[in-house]
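As a basis for the values below, the full set of heavy atoms in this structure was taken, side chains included, without hydrogen atoms, waters or symmetry mates.
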Amino acid sequence: MEGRRYTCHYLFASGVVYAGTVLPILVAIAAAAGFPPYPALMLLAMVSIYGGQVTHYSGTLSPVLFGVGYVSQNKWWAMSLAMALIWAVISFVVGIPWWGLLGLF
């Protein structure tokens with residue numbers, strides 16, 4: 001399932017276009033299933049940034065850095081995996097409880 005979600009990213013020219021078209025549909029599906037819309041949007045937005053981070057061709061500056069040989073593909077993927085794991089831990093261990101303290105959940 002996760003691979004299909006990231007495959008959907010390739011159909012859009014940018015992350016902004018993806019967020020503007022796909023995320024509202026996913027939030028509507030979550031709301032129809034009984035999940036509160038605002039937390040659904042926040043969670044989907046939070047995990048959508050990982051798709052732009054992990055690959056060497058998905059972010060704005062990524063193709064330039066990769067294309068000129070500044071970073072090898074293996075190093076890019078290793079650093080991206082490490083950063084994605086760090087951000088996931090921060091997001092889920094700190095971010096979601098913080099949203100709870102703010103009353104968003």
*asked:* When you group the ILVMFWY residues by side-chain heavy-atom contacts below 4.5 Å and let the links chain together, are Ile90 and Met42 in the same group?
replied: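 Yes.
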
_Tyr38 OH: over 12 foreign heavy atoms closer than 6.0 Å_ = no

_With a 4.5 Å cut-off on side-chain heavy-atom distances among I, L, V, M, F, W and Y, is there a chain of contacts connecting Leu43 to Trp98?_
yes

*With hydrophobic residues grouped by side-chain heavy-atom distances under 4.5 Å, do Val93 and Met46 end up in a single group?*
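No, separate clusters.
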
*Within a strict 4.5 Å, meaning less than it, do heavy atoms of the Ile29 and Ile25 side chains meet?*
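They are in contact (side-chain heavy atoms under 4.5 Å apart), so the answer is yes.
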
*Do Val89 and Met79 share a hydrophobic cluster (ILVMFWY, side-chain heavy atoms under 4.5 Å, transitive)?*
no

*If you measure from CD1 on Ile96 to CG on Leu101, what distance do you get to the nearest 0.5 Å?*
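These two atoms lie 12.5 Å from each other.
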
*asked:* If I take atom CH2 from residue Trp99 and atom OG from residue Ser91, how far apart are they, to the nearest 0.5 angstrom?
replied: 7.5 Å

_Do Val68 and Trp76 land in one hydrophobic cluster if side-chain heavy atoms of ILVMFWY residues count as linked below 4.5 Å?_
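Yes; Trp76 is reachable from Val68 via cluster members.
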
